[in-house]
Amino acid sequence: MAARGCCCCRCCGERESRTPEELTILGETREEEEDEILPRKDYESLDYDRCINDPYLEVLESLDNKRSRRYEAVKWVVVFAIGVCTGLVGLFVDFSVRLFSQLKFRVVQSSVEECSEKGCLALSLLELLGFNLTFVFLASLLVLIQPVAAGSGIPEIKCYLNGVKVPGVVRLRTLVCKALGVLFSVAGGLFVGKEGPMIHSGAVVGAGLPQFQSISLRKIQFNFPYFRSDRDKRDFVSAGAAAGVAAAFGAPIGGTLFSLEEGSSFWNQGLTWKVLFCSMAATFTLNFFRSGIQFGSWGSFQLPGLLNFGEFKCSESDKKCHLWTAVDLGFFILMGIVGGLLGATFNCLNKRLAKYRMRNVHPKPKLVRVLESLLVSLTTTVVVFVASMVLGECRQMSSTNHSGNGSLSLQDSSEDLNASIKTFFCPNETYNDMATLFFNPQESAILQLFHQDGTFSPVTLSLFFLLYFFLSCWTYGVSVPSGLFVPSLLCGAAFGRLVANLLKSYIGLDHIYSGTFALIGAAAFLGGVVRMTISLTVILIESTNEISYGLPIMITLMVAKWTGDFFNKGIYDIHVTLRGVPLLEWETEVETDKLRASDIMEPNLTYVYPHTRIQSLVSILRTTVHHAFPVVTENRGNEREFMKGNQLISNNIKFKKSSILTRAGEQRKRSQSMKSYPSSELRNMCDEHITTEEPPEKEDLLQQMLERRYTPYPNLYPDQSPSEEWTMEERFRPLTFHGLILRSQLVTLLVRGVCYSESQSSANQPRLSYGEMAEDYPRYPDIHDLDLTLLNPRMIVDVTPYMNPSPFTVSPNTHVSQVFNLFRTMGLRHLPVVNAVGEIVGIITRHNLTHEFLQARLRQHYQTL
């Protein structure tokens, strides 16, 4: 026992010695903690803040009203094109799924009807397995080609809109694998939906279309100089994601609110109009083609989205029926509570499954992921077939099937209303209720639950709910493109119909409308799983086309969210956390305001000088992974001695002196300009000021303040490297902050040979335009691919024209809530911390503002107290 305990302790010790980031990358987690996975540091942030450098200022100087209007017009045209293309992608997916599903169900249904008499149902099961396994195998192969195409894509797009650059998430290859994979997944009978991947597909269209180029199609490139920045790209991704929601549900306003609520940290009125316009374009493009293809009446606009809930209305013969009453609100609140509990349970189980996959499936060869997908498909197919054949009840066909429901004919007008009703093993005028739900496309099953009145037994609904709950929970996370909206809606609709049946049968509430309870049940379960409120309310209202449902849907979603949040996060937030993405929430906790910027900043800085040798830049870029570097100069007391005989040091010191603004210096500049005025009084005042002007050799007050704080430091300039023997004071000496320059900008300068020799002036350095600086966007050259033989390491690079001289900065004493709000709302990537005399003392990035990092620093704060 002692030896065993020692062995366990040793293993635990090895495990504990790893950092949380390493555990996340390795796919390992700590069982005893709930939020044990810390954000990984290998994720980059997007540059939403503009870099106001000299090339950008040159563009602004040449920009007049005519050019700015043309630029805005081009943006509107591109937004419209994104909406149209997203609608066409949705049309392709819907048409393909419908084609494959009809083929599969037609063959299997005829086989079942034939084999039910001959006793060869095993052959029908093999046929169904053949279809489903083939489709799922193809979907898994597409995910192997592009792994980021797995899942719904909503967590990745949410991260992108939050400002995190997820590798490969908006590539053309991802769009192709996503669109083809989701149609095979849905046609393969998995409990997944195509609506979630539509959001991802729209985002990819929004990211790629304005660039007019693709890394997957290198030969196809156009000279399109617009929108070459993360700022523009992120705005178009917001529009594309909203267009995906609009195409999926026929809800353009809901799509706009989804993009606002679930992702983008930066928003403005102009972007709102463009996103709404893009959503409208997607909705009506899909509506136009679907209506024309299915009904033959082009321009009728009868099918607004991929998922249609149909028209909710009571039968004309039932005068006591109402869609909902004030008494029903109490039941809706209770259903919201139960939906929140069910959603929390679903999320908890799915989280455990995801962790199991991270430990035991993902580290193994990729073939194991394909085998897991095939195992899920095999299990789902067998369960569906057996449940439909054995567990279903024969129900009498209701007369309401023929009277009050035009929505089912909207689903497929070419077929009779009863075509979606399955009569497996049932006599005439009856049908198999379990097979009707399982042996139909998921959209048809939802419509059956919403609009078929009193035709499903409580036992069937209970079994269907349980089977769908566990199988959809197991399916979400396998290596296939998969959405969660439709399975959640179908699960919740079964729950709502079950509640309605119980209220009618056991309490005697005959006035209730079963379709309303099915809709509220769907909203409750979906809200408990995804925890969306504003956008989901509007999406469901637009999908039902019934504004009177606004209040009950909103109340149900709010209650479901509050109930679920008491136990865990939403499903998308859980998967974001499991991926270790440094997502920034809407706001920080009140408790974190006890911290200041100095408590969370990173004081170990890697910086560059305004004039730096190429060998130093290459060394910095190759030995660090930072994506931005402060441009600084040192504070010295004997600068004139250093300036003698060294052109590089002289250029740096001159730049520092020219960039220091003092009140006296600014007044002298204004006085010089006032000499041009005709007033003799002004001229006299200027002359008097100039006569009493201090000699240029005497240094100003700010420089004296810096020198008082100065203590002797070693001669460190770009020709030298830090030494491990230095003291803390030598390492962290005062550095005057002048701006920020990005890694991509430095590499671009080196690739294009922007430098000058020590015998020349920095004015001889070649100048790059804004277009040349952004030409390689978004995939800039890597420093490790740079051919050093083409560069003279002794040449000097003047980075001052290309740095951002006025980035957002904060004081070391700024409260964390202020830092967080500035960083998130402005979409920053780096936030320098500058003290009262202009010295940089640290830098703050996204990783310093995550919930986990702030909680760790808060614990340190309490320990010091």
Side-chain angles (χ1 to χ4, degrees), residues 97 100-133 135-136 185-193 376-398 401 408 411-412 415 417-449 452 455-472 474-475 486-487 489-491 493-495 497-498 501 518:
V97 168
F100 290 142
S101 297
Q102 288 179 350
L103 172 64
K104 180 184 71 173
F105 285 126
R106 188 183 302 117
V107 172
V108 174
Q109 184 172 350
S110 62
S111 176
V112 169
E113 292 174 353
E114 181 180 350
C115 288
S116 60
E117 300 176 357
K118 299 180 180 180
C120 58
L121 285 177
L123 181 61
S124 302
L125 176 59
L126 289 178
E127 291 180 355
L128 184 60
L129 283 172
F131 277 109
N132 288 349
L133 292 177
F135 289 148
V136 173
S185 298
V186 176
L190 292 179
F191 290 169
V192 298
V376 174
S377 176
L378 175 66
T379 306
T380 303
T381 303
V382 172
V383 168
V384 166
F385 191 86
V386 173
S388 300
M389 302 304 159
V390 178
L391 301 179
E393 294 185 14
C394 292
R395 308 285 294 180
Q396 190 71 28
M397 289 189 181
S398 174
N401 291 354
L408 288 177
Q411 178 69 14
D412 195 351
E415 298 180 7
L417 173 65
N418 293 329
S420 60
I421 292 178
K422 308 302 178 184
T423 60
F424 296 160
F425 305 105
C426 289
N428 293 334
E429 299 301 324
T430 61
Y431 65 96
N432 188 323
D433 57 353
M434 185 71 79
T436 300
L437 293 177
F438 271 132
F439 259 80
N440 273 312
Q442 296 177 93
E443 291 79 2
S444 298
I446 290 177
L447 289 174
Q448 292 277 355
L449 291 170
Q452 292 280 11
T455 55
F456 299 100
S457 69
V459 176
T460 299
L461 291 173
S462 301
L463 291 174
F464 177 80
F465 172 78
L466 291 175
L467 293 175
Y468 225 94
F469 180 92
F470 289 108
L471 286 176
S472 60
W474 185 21
T475 305
V486 171
L489 288 171
L490 189 52
C491 231
F495 160 66
R497 282 299 295 263
L498 177 62
N501 285 6

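Here the structure is a predicted model, which is why all the values come from computation and not from measurement.
Among residues two or more places apart in sequence or in another chain, the ring pair (Phe, Tyr, Trp, His ring centres under 6.0 Å) test is passed with F105 by none. Among residues two or more places apart in sequence or in another chain, the side-chain contact (heavy atoms from CB on, under 4.5 Å) test is passed with V97 by V93, S101, L183, V186, K194. Residues that satisfy the side-chain hydrogen bond (donor to acceptor under 3.5 Å, both in side chains) test with T460, not counting sequence neighbours, are D433, S457. In this structure, the side-chain contact (heavy atoms from CB on, under 4.5 Å) partners of A387, at least two apart in sequence or on a different chain, are L391, M434, F438, L467. Here F131 pairs with nothing under the ring pair (Phe, Tyr, Trp, His ring centres under 6.0 Å) rule; sequence neighbours left out. With sequence neighbours left out, L378 forms a side-chain contact (heavy atoms from CB on, under 4.5 Å) with L129, L133, V382.
Within the 4.5 Å cutoff, side-chain heavy atoms of S377 are placed close to those of L190. The closest side-chain heavy-atom distance from F191 to V384 is below 4.5 Å. With a 4.5 Å cut-off on side-chain heavy atoms, F464 and F456 do not count as touching. Residues V107 and S111 fail the side-chain proximity criterion, which asks for heavy atoms closer than 4.5 Å. For the pair W474/T379, a side-chain contact is recorded, criterion being any heavy-atom separation below 4.5 Å from C-beta on.
Considering all non-hydrogen atoms of both residues, G188 and K104 come closest at C-NZ, 4.1 Å. Considering all non-hydrogen atoms of both residues, F135 and A187 come closest at CD1-O, 3.5 Å. For the residue pair L498 and S462, the shortest heavy atom distance occurs at CD2-OG, 3.6 Å. Minimum interatomic distance between Q448 and R497 (heavy atoms only, all atoms of both residues): O-NH1, 3.7 Å.
With rounding to the nearest 0.5 angstrom, the CD atom of E127 is 9.0 Å from the CZ atom of F385. Between the SG atom of C491 and the CZ atom of F469 there is a distance of 7.0 Å, given to the nearest 0.5 Å. Taken from CD in Q109 to CG in L128, the straight-line distance is 12.0 Å, to the nearest 0.5 Å. Taken from CZ in F465 to CG in L490, the straight-line distance is 10.5 Å, to the nearest 0.5 Å.
With hydrogens and angles left out, the side-chain atoms of N132 and T381 include a donor and acceptor closer than 3.5 Å.
With S110 contributing its side chain and R106 its backbone, the two residues share a donor-acceptor pair below 3.5 Å.
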- Under the side chain to side chain contact (heavy atoms under 4.5 Å, CB included) criterion, do L471 and V376 qualify, and how do the steps go? CA-CA 8 Å; L471 286 176; V376 174; over 6 Å; no

